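Notes follow the structure.
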Number of protein chains: 2
Amino acid sequence: MEKLTIDKIAKLALVSRSVVSRVLNNHPNVSEEARERVLKVVEKYNYSPNPVARSLATQHTRQIGVLTSRFKDENLDNGYWSQLYLGVFEECIRRGYYVRLSFYDSSMNDNLRRHLLNEHQLDGLICLNEEVTDLAAEHFAHKERSVVIVGHNPRYTTISSVDVDNQAGAHKGVSHLTGLGHRVIGGIFGNHNVQETEQRISGYKKALRQAGIEFDERLVHVGSYSQEEGYQMVNEWLASVPEMTALFCAGDTIAMGALLALKENNISVPERFSVMGFDGLPISKYLIPPLTTVAQPIYGKGEKAAALLIDQLQKKETRTLHIDLSPELIIRNTTAPAP
Amino acid sequence: MEKLTIDKIAKLALVSRSVVSRVLNNHPNVSEEARERVLKVVEKYNYSPNPVARSLATQHTRQIGVLTSRFKDENLDNGYWSQLYLGVFEECIRRGYYVRLSFYDSSMNDNLRRHLLNEHQLDGLICLNEEVTDLAAEHFAHKERSVVIVGHNPRYTTISSVDVDNQAGAHKGVSHLTGLGHRVIGGIFGNHNVQETEQRISGYKKALRQAGIEFDERLVHVGSYSQEEGYQMVNEWLASVPEMTALFCAGDTIAMGALLALKENNISVPERFSVMGFDGLPISKYLIPPLTTVAQPIYGKGEKAAALLIDQLQKKETRTLHIDLSPELIIRNTTAPAP
DNA sequence: TTGTAAGCGTTATCAC
DNA sequence: GTGATAACGCTTACAA
């Protein structure tokens, strides 16, 4: 099986190289008989054009880069990235694009850094967190239209983005808790200085307000999305705020840590204490007890981000869009009426 | 900032295009002064050669494909995949290769299928499961040297592979259980007809034999790596084999389901029943109770697979290698002496 | 409708 | 040590 090129196919189909090209690219101006001859040869030899050569000629690669940080958080471990990436990937494939997934690590040298977002090889970029967004914004400054970020970022209003409606999500979760009669509800949130966190806190406050509960600063902690965080805070609060009966965790992983601490302190969930998660990770269903949580459309975020980017690349969309997706409350077994 | 090409750099450095190319590729036969002039211009304009053009000329892309199935198992959800991919990615980046991660879905049409492993765009391929190995073997039949698989597959002895030593792993886990005095030990294993499963069962049997325990077929179940599987089997065995006091799960996810079922049946772990996992997923530490498990070097498998592949691509290794990595027992809180 | 020829940005061969 | 020049395999004016 020797190497096939467009010229060989052309020869075999008794036409010129350009006719083959037109057929392959569905261009007009090619007679029906020529088209059929070409198609038959293509079929017979199972030919497919060399995408590298095509890229060089067309100046685009149909490849999209997905960029995220190496160390930034533990999402890597919990299935969040997988879901998100899967959404990106499948939307891209459907529309004829490839995806290159890279992890950025701040210890990388300039050379590597440049490689990761080499514009020669990438038609566009999807940034999955703030750190890499900064990186990309620097390099792609002149052509912002080919970048999309997951998670709104007030510093980049001209870059399209996708996120779950964080405020609505937190509001849903906390409202469920207040609806069950809880009055002293702790809140553990993720990263500082991020719109996501602000929005979730805002939703938390709104739900309290609507239930006529006064906001108490001591009941809110902002740290990280790690299990450790939930574990630590529960231990702290159990000592300092014994009247607490429920906890809103801005991430399922936080909730996992919280559940572990509760268990170790012999506090039964949900009888004596309710726990609400956020994310709706696949594993949340198998926690003990199965976790009540606010599910965000993780796959959908990836899918939508890819759609947005490709629409821009194909000039189907020229505006900067900031899309909010809807969260959904999943009631399982970690929440119950206040004791 | 206009587009830079090698010709522009050449002009600015007062040399020919070939000299620039030589400098950039560390070829000999270029004078020190010329080299410096070129380097200075390259630095100043922050030039980096177009990899697409380079690929067309050199006939290789420095891109490696990673292929796995979309639906085959739940690894996607539990952090296994992320770890594995991270290992592949970082080894590749270190050695100057890019990675394209794709999910194969059997519902894909021929066109897409061919796309996924288009040899024009990929120097090599890493297959993460059997289904995609079959796929790759078909297409890359003539150049097996550029494929590496994760998980040994007796059907492809001429393709290099990496795996954990499955037999040793299971043996370590079950020996720990027998060492604690357990005599009736259930075993739940993953996919049928896979060397991995055979090896783990073999390790399980060996440990029993060494402890003088007779093998009982009814205590072994082969199904899938899902939580569901663990959940179901525990419920079954609790009824049919009440004398069972310990369980060896060939995957941490299976163990998660088992723990949930045990909890629902009010059987305390590890006091009345011990559970051993396999994998050492990051989340296993946060299960309730934290899971005792046989950790396999997931990241290491990815890393080694990439290393093997690149060694082959660079002709540093011409043999077919089947590498076994060592598992490690992590004792946490789900195992205790038999009651 | 078809074919010719000029790119696309590199590497690599081969005179000089 | 250096610089033309011919690949690499495709797209796309433009001419026929």
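Chain A is the first sequence line, chain B the second, and so forth, proteins listed ahead of strands; every chain is numbered from 1. A quick note: this is a predicted structure, and the numbers were derived from the prediction, not measured. Side-chain atoms are counted along with the backbone in the values below, which use heavy atoms only and exclude waters and symmetry mates.
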Counting side-chain heavy atoms from C-beta on, which of C/dT11, C/dG3, D/dT11 comes nearest to A/Ala57?
D/dT11
Taking atom CD as the centre, does B/Gln314 end up with more than 12 heavy-atom neighbours from other residues, nucleotides or ligands that are less than 6.0 angstrom away?
yes
If you look at every strand shown and take non-hydrogen atoms under 4.0 Å, does B/Thr5 touch a base, only sugar-phosphate, or nothing?
sugar-phosphate
Below the 4.0 Å mark, does C/dG9 have OP1 or OP2 next to a side-chain nitrogen or oxygen of B/Arg54?
no
Could you state the atom-to-atom distance from CZ of B/Arg37 to C1' of D/dT2 in whole Å?
11 Å
Among C/dT10, D/dC10, C/dT2, the one nearest any side-chain atom of A/Pro49 is D/dC10
Measure the distance from CG on A/Leu14 to P on C/dT1 and round it to the nearest whole Å.
19 Å
Counting side-chain heavy atoms from C-beta on, which of C/dT11, C/dG9, C/dT2 comes nearest to B/Arg17?
C/dT11
Please determine, for the side chain of B/His27, which listed nucleotide (D/dG3, C/dT1, C/dA12) has the closest atom?
C/dA12
Would you indicate, yes or no, if C/dT11 has its OP1 or OP2 atom less than 4.0 angstrom from a side-chain nitrogen or oxygen of B/Thr58?
no
Which one, C/dG9, D/dG9, D/dT2, comes nearest to the side chain of B/Asn50?
C/dG9
Are there over 12 heavy-atom neighbours, none belonging to A/Asn109, within less than 6.0 Å of that residue's CG?
yes
With a 4.0 Å limit, can you tell me whether A/Asn25 has a side-chain N or O closer than that to the phosphate oxygens OP1/OP2 of D/dT11?
yes
Where the side chain of A/Glu317 meets the backbone of A/Arg319, is there a donor-acceptor pair that is under 3.5 Å apart?
yes
May I ask you to verify if any side-chain N or O of B/Lys8 is less than 4.0 angstrom from the OP1 or OP2 atom of C/dG9?
no
A/Met108 backbone acceptor or donor facing A/Arg113 side chain under 3.5 Å
yes
Run the salt-bridge test on A/Lys301 and A/Asp163 with the 4.0 Å N-O cut-off and return the result as yes or no.
yes
Here the distance between atom C1' of D/dG3 and atom CG of B/Asp7, to the nearest Å, is 12 Å
Run the salt-bridge test on A/Lys40 and A/Glu36 with the 4.0 Å N-O cut-off and return the result as yes or no.
no
Would you kindly give the CG-to-P distance between B/Leu24 and C/dT11, to the nearest whole Å?
7 Å
Rounded to whole Å, the NZ-C1' distance (B/Lys3 to C/dC8) equals 8 Å
Given that B/Ala53 and B/Glu33 both sit by DNA chain D, which one's nearest nucleotide is further toward the 5' end?
B/Glu33
In whole Å, what is the span from the CG atom of A/Leu56 to the P atom of D/dA7?
17 Å
Take the protein atom NE2 of A/His60 and the nucleotide atom P of D/dT11, then report the distance between them rounded to whole Å.
10 Å
Counting only side-chain N and O atoms of A/Tyr47, is one of them less than 4.0 Å from OP1 or OP2 of D/dG9?
no
Residue A/Ile6, side-chain heavy atoms: nucleotide from D/dC10, C/dG9, D/dG3 that is nearest
D/dC10
Do B/Ser18 and D/dA4 have a side chain to base donor-acceptor pair shorter than 3.5 Å?
yes
Between P on C/dT2 and NZ on A/Lys11, what's the gap in Å once rounded to a whole number?
19 Å
Closest of C/dA12, D/dC10, D/dG3 to the B/Ser16 side chain is D/dG3
Which nucleotide in the list D/dT2, C/dT11, C/dT2 gets nearest to the side chain of B/Arg22?
D/dT2
So, OP1 or OP2 of C/dG9: does either fall under 4.0 Å of a side-chain N or O from A/Gln59?
yes
Would you indicate what B/Val15 reaches in the nucleic acid, counting non-hydrogen atoms under 4.0 angstrom: base, sugar-phosphate, or nothing?
sugar-phosphate
Under-4.0 Å side-chain N/O to phosphate OP1/OP2 contact, A/Ser31 with C/dT2
yes
Kindly indicate whether the side chain of B/Leu313, heavy atoms from C-beta on, has any atom under 4.5 Å from the side chain of B/Tyr97.
yes
